[in-house]
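Since the structure comes first, as structure tokens, the remarks are kept for the end.
Order of listing sets the numbers, starting from 1, for every ligand and every atom in it.
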Amino acid sequence: MTVSSTPSIIAIDGPAASGKSTLGHRLALELDYLFFDTGTMYRVITLLAIEKGLDLHDEAAVTRLAQQTELDIRPATVNDGRTCDVLVEGRDVTWEIRRRKVDANVSMIAAYAGVREALKHQQHRIGMRGRVVMVGRDIGTVILPEADLKIYLDASAEERARRRSAEIKARNGQANYDEILEKVIERDLIDSTREVAPLKRAEDAVVINTDQQSADEVFEQILNLCK
Ligand code: DC
């Protein structure tokens, strides 16, 4: 691959469990780029708000928390399936932010305008450094409209719930498919109907539906787009 023709800023958006993180991380490794999963930021704020006992419906309090929180996302230092280390005030919260209680509340927190505003500049600044694969819901539309390559990964809710169940089981957790499907549909609805930066594809994004394709096939397709 010739480095000069490779897009420097790559944005991957799509609904929950569409494969963005797995594929984005693999792409970043292949290109030797930074992998930045922006969903982790909303998850950290949700985890801290729960731990601090904040009323999660109190937008002003949660926004203050987002403004005050110093979080750091770095390349993975532990080989336990993680795509990056997520640190807050020196504490490793990489797996804690994947807990069910965070899953259940993060869409509400991510819909708060003040929270998004607090995290937006940080995301934009990191993205604009280039040589980055940035993953989220609004990267191609709001955070980095100037991205060199925009991909929108999609899959049916049923397929995504199946993948999420398999992921949880692989980590030795207990997964209830019906419950996961219900949550996936609920989060899709909140993410795509919120007023600020809703989940939607950018007009210039390449849409890839992954329902009938293996992860390897989708990866090849993405790699071809980078050439
Ligand atoms: O991708 P994820 O499941 O880790 O995302 C967690 C939540 O954060 C999800 O409800 C969507 C939201 N999110 C967002 O609103 N904007 C982003 N750029 C990334 C995630």
Side-chain angles (χ1 to χ4, degrees), residues 9-25 35-50 56 59 62-63 65-66 69 71 73 81-86 88 93-128 132-145 147 150-155 157 160-161 163-165 167-168 171 180-202 205 210:
I9 302 175
I10 301 173
I12 306 181
D13 290 303
S18 56
K20 302 180 303 285
S21 296
T22 311
L23 288 158
H25 181 235
F35 174 67
F36 185 14
D37 180 357
T38 55
T40 56
M41 288 185 144
Y42 297 98
R43 287 174 175 274
V44 168
I45 303 306
T46 307
L47 174 72
L48 292 184
I50 293 168
L56 300 185
E59 183 170 349
V62 180
T63 296
L65 176 68
T69 301
L71 52 92
I73 293 156
R82 64 180 63 192
T83 55
C84 56
D85 286 354
V86 183
V88 62
V93 293
T94 309
W95 291 119
E96 278 170 90
I97 60 169
R98 303 281 155 195
R99 278 199 206 141
R100 245 197 250 179
K101 189 125 198 240
V102 175
D103 271 346
N105 291 289
V106 65
S107 288
M108 179 172 73
I109 302 297
Y112 292 157
V115 171
R116 301 199 74 84
E117 192 58 30
L119 303 178
K120 179 176 164 180
H121 301 293
Q122 221 171 322
Q123 294 173 7
H124 181 77
R125 184 173 46 79
I126 295 170
M128 289 307 285
V132 67
V133 178
M134 207 148 146
V135 166
R137 302 291 192 289
D138 60 341
I139 308 304
T141 51
V142 175
I143 304 296
L144 294 167
K150 297 179 189 177
I151 294 166
Y152 187 90
L153 275 188
D154 212 352
R160 288 183 284 128
R163 289 181 197 157
R164 197 38 63 94
S165 309
E167 245 172 58
I168 295 170
R171 290 206 307 262
I180 292 172
L181 177 62
E182 197 183 309
K183 297 281 178 236
V184 161
I185 292 170
E186 188 183 303
R187 281 176 55 197
D188 282 357
L189 184 71
I190 301 176
D191 292 344
S192 56
T193 57
R194 68 179 176 224
E195 274 180 35
V196 195
L199 165 69
K200 67 169 186 214
R201 74 173 193 89
T210 68

Between T46 and N105, does a side-chain hydrogen bond (donor to acceptor under 3.5 Å, both in side chains) hold up when you go through it step by step?
-> CA-CA 7 Å; T46 307; N105 291 289; over 6 Å; no
Looking only at heavy atoms of R116, does any of them come nearer than 4.0 Å to an atom of ligand 1?
-> yes
Is the closest heavy-atom distance from R194 to ligand 1 below 4.0 Å?
-> yes
Would you tell me which option among R164, R137, R98 has the nearest heavy-atom contact to atom 13 (N) of ligand 1?
-> R137
Is a side-chain donor or acceptor of K20 paired with a backbone partner of I12 at a separation under 3.5 angstrom?
-> no
The answer for which part of E186 has a heavy atom under 4.0 Å from ligand 1 is neither
Quick look: M41 vs ligand 1, heavy-atom contacts under 4.0 Å, and the answer is neither
Using a heavy-atom cut-off of under 4.0 Å, does the side chain or the backbone of A16 touch ligand 1, or both, or neither?
-> neither
Taking only heavy atoms of S107, which atoms of ligand 1 are found under 4.0 Å from at least one of them?
-> 10 (O)
What's the spacing between I109 CD1 and T63 OG1 if we round to 0.5 Å?
-> 8.5 Å
Give a yes/no on ligand 1: does K120 have at least one heavy atom closer than 4.0 angstrom to it?
-> no
Just distances here: any N/O of Q123 and N/O of ligand 1 closer than 3.5 Å?
-> no
Under 3.5 Å: donor-acceptor pair, side chain of T94, backbone of V86 | yes
Give the contacting part of M108 toward ligand 1: side chain, backbone, both or neither, where contact means a heavy-atom distance below 4.0 Å.
-> neither
Enumerate the atoms of ligand 1 whose separation from the nearest heavy atom of G136 is less than 4.0 angstrom.
-> 17 (C), 18 (N), 19 (C)
Scan side-chain atoms only and decide if T210 and R160 contain a donor-acceptor pair under the 3.5 Å cut-off.
-> no
Look at the side chain of K150 and the backbone N and O of P145, then say whether any donor-acceptor pair between them is shorter than 3.5 Å.
-> yes
R98, R43, K183 screened by salt bridge (Lys or Arg N to Asp or Glu O under 4.0 Å) with D103, the one that passes = R43
If you measure from atom 20 (C) of ligand 1 to every heavy atom of A17, G14, G39, which option wins on shortest distance?
-> G39
Are D191 and S107 close enough that a side-chain donor and a side-chain acceptor fall under 3.5 Å?
-> yes
Sorted by chain and number, sequence neighbours left out, salt bridge (Lys or Arg N to Asp or Glu O under 4.0 Å) with D154 holds for none
For atom 12 (C) of ligand 1, grab the closest protein heavy atom and report residue, atom and distance to one decimal in Å.
-> A110 CB, 3.6 Å
Side chain D138, main chain A197, donor-acceptor under 3.5 Å = no
Option nearest atom 4 (O) of ligand 1 (shortest heavy-atom distance, choices R187, R43, M134) = R43
For ligand 1, which atoms, with element, lie under 4.0 Å from some heavy atom of D191?
-> 9 (C), 10 (O), 11 (C)
What's the shortest distance from atom 19 (C) of ligand 1 to any protein heavy atom, and which residue and atom give it?
-> T38 OG1, 3.4 Å
